[in-house]
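Remarks on the structure that follows.
For clarity, every value in this text was computed on a predicted model and none was experimentally measured.
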Amino acid sequence: MGAKKILSYSRFILGAFLAVYLLLVWMYFKDNARQLTSSGLLLWFVAIPILLFGTIMALLWWQKKLDKQESQASDTLDETSNKKESAKLPDTYQLFVFSRICLPEGDSWSDVINNDQDLTLLSDELTDFDGLPVLVKPITRLADATSLPYRYISDEPSDDITLRLCSLIHEQLTLSEELWSTLAEHLDQYQQDNTQPNSAINVHPEWQQHYLVGSEEKHKEDTITATSVAHLSTLPIYLCLPIGADSAPLIAIVKEHLATYGIPETLLSFTLIETNNDDAKDLENKGESDPASFINEHLTSLSLSAMPEMRLLIIADTQLSDDWLDTHLHSQQTSNIVPTEAGALLVFFNKAAQDLLNIETSTSVLLTEVHTPDAKHHDSHGTERMNNRRGYLNHLTTIKNLLIDNELSLVPTNTASPKTLNKPTTKPDDTETKTNVAPLDTSITAISDINPSTQPYDMSVYMSFVEAFITKGALVNEYHLGHYMPLNNWLKPFISLSLFVNLAEKDQQESDSVFLITQHKHCSMLWLADDFQKSEP
């Protein structure tokens with residue numbers, strides 16, 4: 001039995017003994033008051049109770065001392081582990097991202113961040129339990145689903161939620177038309193190249209061999225190009241919808257919309273991702289997917305692939321329904337939430353795909369995942385919550401050291417050697433004595449997916465993190481985007497990523513460095529705008 005348990009049981013036994021003792025002594029002298037002298041009163045009612053109470057307090061002090069020693073040992077272990085983790089740099093992956101956002105505030109960084117209007121209004125269709133209109137925040141610019149040019153809408157009647165999700169997805173697909181045009185043009189060119197006749201056949205027999213030898217290099221290039229293009233024969237699409245939504249008609253409109261650009265249905269493959277619209281749920285216990293798993297399973301492997309590959313993620317969610325109101329609006333956690341809606345479309349592709357397609361509206365980003373060292377499962381929710389808080393502090397400490405040590409510049413992991421660690425910009429023989437000082441007068445835009453109103457602890461930790469850059473002489477502008485769709489564990493990080501990509505794409509001269517930190521259960525993701533790509537003409 002552990003020492004703390006023995007101390008705890010001893011205190012309990014002594015406490016119970018003290019209570020019984022006082023009761024028995026009081027009952028005895030109540031009937032034999034004449035036997036109680038001054039010395040007896042001092043002995044039975046003062047000295048012995050004080051002795052017992054003092055013993056209990058001594059045991060309590062001893063137990064607290066053991067707790068403090070264990071806490072210090074744990075902190076020392078965490079600190080040692082953090083030092084070991086920071087001794088090697090985590091892998092960094094280069095990705096090219098095309099993104100479009102759909103929020104009530106707007107569809108770009110400047111529209112969303114600079115929008116100070118009151119976008120709430122009383123719903124004409126939704127009412128509370130008292131029959132009064134509900135205050136909502138819709139996207140008013142969305143087209144009515146029944147007016148959209150999709151066959152399924154007229155062929156199959158749909159519920160209001162599906163129609164609203166249809167409008168959201170249509171808006172995102174329409175905002176991305178330059179990407180579909182580029183992809184369709186590439187596919188058309190590839191089809192033409194495959195149907196071109198062999199020119200050597202029409203050459204005189206005496207010249208055919210000379211013709212073939214003379215065009216050998218071109219033939220090799222064509223073969224390599226054809227092999228590369230073959231890996232774009234599929235476009236994986238991940239459709240993230242509220243749990244219970246009718247996905248079939250929504251998949252149909254994506255197919256139909258892309259078909260208008262000449263992108264065939266055979267190119268597309270769909271994976272449905274359901275979100276329970278509650279960031280507080282333990283998704284691991286429910287076996288549901290989460291953004292961190294999606295990044296690990298699909299994006300890091302995409303970056304390391306030498307062949308051209310793409311991934312399309314479409315997220316759409318609306319809270320403007322009676323079902324959502326019945327489930328969430330009157331619960332304790334969401335009583336002050338205004339029902340709203342949002343969507344995000346992100347296309348991730350690697351450097352090989354970017355070289356092949358040359359998408360001008362894409363943004364090069366460097367992704368670094370920071371794990372919680374030796375994460376353990378805990379029985380107590382309070383203990384696990386404290387562990388998560390300490391983990392976030394450890395994550396930010398690692399990210400701070402990572403950025404400052406490398407002067408806000410990282411290098412992608414070598415795709416030919418996935419286990420190779422990134423090398424710092426300092427000289428190899430100067431690793432132990434580097435000053436860790438970021439360049440002075442550097443302008444930084446720091447973005448997080450923190451919601452200041454519901455994450456005060458994380459906000460405090462993050463501000464200390466930002467202060468470390470300011471102390472080094474940097475000018476930091478921070479933005480916190482976690483209040484957009486706060487109950488959706490997919491929209492929260494990916495809306496932040498979409499806005500980050502939009503800022504890096506359109507306002508490259510605003511800051512010397514732009515980075516985003518998204519927080520997950522046992523890890524944090526650092527998204528850093530690729531300074532090398534930004535500096536290219």
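A salt bridge between Lys472 and Glu407 is absent, with no side-chain N of the basic residue lying under 4.0 Å from a carboxylate O of the acidic one. Looking at Asp160 and Arg164, no side-chain N of the basic residue comes within less than 4.0 Å of a carboxylate O on the acidic one, giving no salt bridge. Arg311 has no carboxylate O lying under 4.0 Å from a charged side-chain N of Glu297, or vice versa, which leaves the two without a salt bridge.
Using a distance-only test at 3.5 Å, with no hydrogens or angles considered, no donor-acceptor pair links the side chain of Thr234 to the main chain of Pro236. Proximity of a side-chain donor or acceptor of Gln319 to a complementary backbone N or O of Thr340 within less than 3.5 Å is detected. Of the possible donor and acceptor atoms, none in the side chain of Ser511 sits under 3.5 Å from a partner among the backbone N and O of Val514.
When only modelled atom types and interatomic distance are considered, Asp530 and Ser364 share a side-chain donor-acceptor pair under 3.5 Å. In the model, Asp159 has a side-chain atom that pairs as donor or acceptor with a side-chain atom of Thr162 under 3.5 Å. Between the side chains of Ser293 and Asn296, no donor N or O sits under 3.5 Å from an acceptor N or O. When only modelled atom types and interatomic distance are considered, Thr92 and Thr368 share a side-chain donor-acceptor pair under 3.5 Å. For the residue pair Gln354 / Ser362, a side-chain donor-acceptor distance below 3.5 Å is found, with atom types taken as modelled. In this model, no donor atom of one side chain and acceptor atom of the other lie less than 3.5 Å apart for Ser147 and Asp144.
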Please walk me through it: do Leu241 and Ile273 pass side-chain contact (heavy atoms from CB on, under 4.5 Å)? CA-CA 6 Å; Leu241 302 172; Ile273 300 173; over 6 Å; no

Verdict with supporting geometry, Leu163 and Leu165, side-chain contact (heavy atoms from CB on, under 4.5 Å): CA-CA 5 Å; Leu163 291 175; Leu165 293 175; over 6 Å; no

What do the steps show when you test Phe515 against Ile399 for side-chain contact (heavy atoms from CB on, under 4.5 Å), and what is the final call? CA-CA 11 Å; Phe515 61 79; Ile399 291 173; 5.7 Å; no

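Using a 4.5 Å heavy-atom threshold, the side chains of Ile113 and Leu481 count as touching. Side-chain contact check for Tyr484 versus Lys492: every heavy-atom pair is 4.5 Å or farther apart. Side-chain contact between Ile237 and Leu313 is absent, with no heavy-atom pair separated by less than 4.5 Å. Between Phe349 and Val97, the closest side-chain pair of non-hydrogen atoms is not below 4.5 Å. At least one side-chain heavy atom of Leu402 sits less than 4.5 Å from a side-chain heavy atom of Leu410. With a 4.5 Å cut-off on side-chain heavy atoms, Thr361 and Leu179 do not count as touching. Counting only heavy atoms from C-beta outward, the side chains of Leu346 and Phe494 approach each other to under 4.5 Å. Asn502 is listed as a side-chain neighbour of Ser108, based on a closest heavy-atom distance under 4.5 Å.
The aromatic rings of His257 and Tyr150 sit tilted relative to each other, their planes meeting at an angle between 30° and 60°.
Between Pro291 and Asn489, the shortest heavy-atom contact is CG-O, 3.2 Å. Pairing each heavy atom of Glu256 with each of Pro149, the nearest pair is OE2-O, 3.4 Å. When every heavy atom of Leu239 is checked against every heavy atom of Leu272, the shortest pair comes out as O-CD1, 3.4 Å. What you find for Ala352 and Ala306 is that their closest heavy atoms are CB-O, 3.5 Å. Contact between Phe96 and Lys351 at its shortest, heavy atoms only, is CE1-CA, 3.6 Å. The two residues Ser498 and Ser99 have their closest heavy-atom pair at OG-OG, 2.8 Å.
Each of Leu175, Asp107, Val501 was compared with Ile101 under the side-chain contact (heavy atoms from CB on, under 4.5 Å) criterion, and only Asp107 meets it. Arg100 pairs in a salt bridge (Lys or Arg N to Asp or Glu O under 4.0 Å) with only one of the listed residues (Glu178, Glu171, Glu177), which is Glu178. Of the residues listed (Ile315, Ile495, Leu168, Leu345), the one engaging Cys102 in a side-chain contact (heavy atoms from CB on, under 4.5 Å) is Leu168, and it is the only one.
Between His522 and His371, the ring centre distance reaches or exceeds 6.0 Å. Between Tyr93 and Trp527, the ring center distance fails the sub-6.0 Å criterion. Taking the centre of each ring, His480 and Tyr462 come in below the 6.0 Å mark. Taking the six-membered ring wherever Trp is involved, the centroid distance between the rings of Tyr238 and Phe294 falls below 6.0 Å.
One finds the CG atom of Asn115 at 10.0 Å from the CG atom of Leu103 (value rounded to the nearest 0.5 Å).
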